[in-house]
Protein chains: 2
Amino acid sequence: MTPDRLDHIFSALADPTRRAILARLALGTTSVTELAEPFRMSGPAVTKHLKVLERAGLIIRGREAQWRPCSLDAAPLKDATDWLEQYRRFWEGSFDRLEEYLQEVQTNGGKDVRDSSRDK
Amino acid sequence: MTPDRLDHIFSALADPTRRAILARLALGTTSVTELAEPFRMSGPAVTKHLKVLERAGLIIRGREAQWRPCSLDAAPLKDATDWLEQYRRFWEGSFDRLEEYLQEVQTNGGKDVRDSSRDK
DNA sequence: GGCGTATCTAACTAATTAGTTAAATAACCG
DNA sequence: CGGTTATTTAACTAATTAGTTAGATACGCC
């Protein structure tokens with residue numbers, strides 16, 4: 001997982017139009033025109049969103065006559081999830097004693113921000 | 001979960017500097033200066049990244065003398081994970097028959113992109 | 001070949017982002 | 001008070017993003 005692959009994935013997800021496109025594609029492959037329909041937005045604008053999703057590896061484009069069907073490729077979402085997974089213990093809240101201890105020593109005794117020479 | 005909360009969360013995560021800052025904060029609360037250290041980047045640039053993280057709700061800022069300690073608040077990462085979770089079945093690959101069927105009917109018989117009047 | 005539908009490219013604009021340096025603010029310390 | 005350290009704000013620039021409209025391209029059909 002190179003760092004800018006995650007950049008592309010997360011920034012593709014940072015837009016509600018693009019998340020809605022993914023949600024639609026979760027129901028199945030469809031055309032650009034149908035993807036565009038729910039939005040008050042020109043065709044070219046949708047084409048650009050699709051390019052962003054494609055750069056992130058989240059969609060696959062086919063060719064069928066004058067249509068360029070899009071389908072979901074969720075594999076990169078797994079990479080995003082794996083990255084987030086590292087932080088699960090933080091939102092689940094229950095650190096065990098060792099983790100608490102490590103966190104304290106990391107912050108120089110857990111007493112002060114930088115060093116222990118200052119004393120408030 | 002309002003849509004633009006997710007926008008803020010994902011776009012905060014779309015930058016490697018900010019992900020590195022979160023990784024550092026996972027080890028414990030620290031100062032702006034220490035956060036800035038690994039990067040070839042001015043102080044104000046780091047302040048801006050912190051503002052983005054703060055807007056996303058990912059960090060909490062304190063005050064201690066002339067320091068403004070940062071600490072991680074991972075709660076929004078749970079929201080991101082929850083959103084991604086909807087797609088897990090896609091990257092795990094094994095759809096059950098019902099899901100396959102639903103996906104096919106959604107795409108008008110699963111045969112064509114738009115309708116069944118065309119026939120290739 | 002020419003028409004109609006689907007989609008993309010080009011060229012442009014406005015807003016946002018990521019960085020800079022210089023100066024302001026805040027708080028401790030002697 | 002005056003100096004030093006930490007951090008933020010202001011003002012600026014360059015690059016990127018999200019949208020637009022107009023025109024090009026691709027393909028099927030008659």
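In this text, all values refer to a predicted model and were calculated from it rather than measured experimentally. Order of the sequence lines sets the chain letters (A, B, ...), proteins ahead of strands, with each chain counted from 1. All values below were derived from every heavy atom in this structure, side-chain atoms included, with hydrogens, water molecules and symmetry-related copies excluded.
Without hydrogens or angle criteria, A:R18 side chain to A:S11 main chain gives a donor-acceptor distance under 3.5 Å. Within the 3.5 Å criterion, the main-chain N or O of B:D7 finds no donor-acceptor partner in the side chain of B:D4. Between the side chain of A:Y87 and the backbone N or O of B:A23, at least one donor-acceptor pair lies under 3.5 Å.
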Assess whether side chain to side chain contact (heavy atoms under 4.5 Å, CB included) is satisfied between B:D73 and A:F90, documenting all intermediate values.
CA-CA 8 Å; B:D73 181 354; A:F90 291 99; over 6 Å; no
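Distance NE2 (A:H49) to P (C:dT7): 16 Å, rounded to an integer number of Å. Spacing between atom CH2 of B:W67 and atom P of C:dC29 amounts to 8 Å, rounded to whole angstrom units. Rounded to whole angstrom, the span from the CG atom of B:D15 across to the P atom of C:dT17 amounts to 12 Å. Rounded to whole Å, atom P of C:dT20 lies 9 Å from atom NZ of B:K48. B:Q66 has its CD atom 12 Å from the C1' atom of C:dT25, to the nearest Å. To the nearest angstrom, C1' of D:dT8 lies 9 Å from CZ of B:R61. A straight line from CD of A:E37 to C1' of C:dT5 spans 14 Å, rounded to a whole angstrom. In this structure, the NZ atom of A:K51 is 10 Å from the C1' atom of C:dT7, given to the nearest Å.
Contact check, A:R63 against D:dC27: a side-chain N or O comes under 4.0 Å of OP1 or OP2. A sub-4.0 Å separation between OP1 or OP2 of C:dA18 and a side-chain N or O of B:R18 is present. Using a 4.0 Å cut-off, no side-chain N or O of A:T33 falls inside it from OP1 or OP2 of C:dA6. Phosphate proximity of C:dC8 to A:T47: present, with a side-chain N or O under 4.0 Å from OP1 or OP2. Contact check, B:S42 against C:dT20: a side-chain N or O comes under 4.0 Å of OP1 or OP2.
When the nucleotides D:dG19, C:dC8, D:dT7 are ranked by their closest atom to the side chain of B:S31, D:dT7 comes out on top. The listed nucleotides are C:dC28, C:dT20, D:dG19; the one nearest the side chain of B:A45 is C:dT20. When distances run from any side-chain atom of B:P44 to the nucleotides D:dT9, C:dA27, C:dT7, the shortest one goes to D:dT9.
Side-chain contact check for B:L22 versus B:L13: some heavy-atom pair is nearer than 4.5 Å.
Mapped onto DNA chain C by nearest heavy atom, B:R55 and B:G43 fall at different nucleotides, with B:R55 at the one closer to the 5' end.
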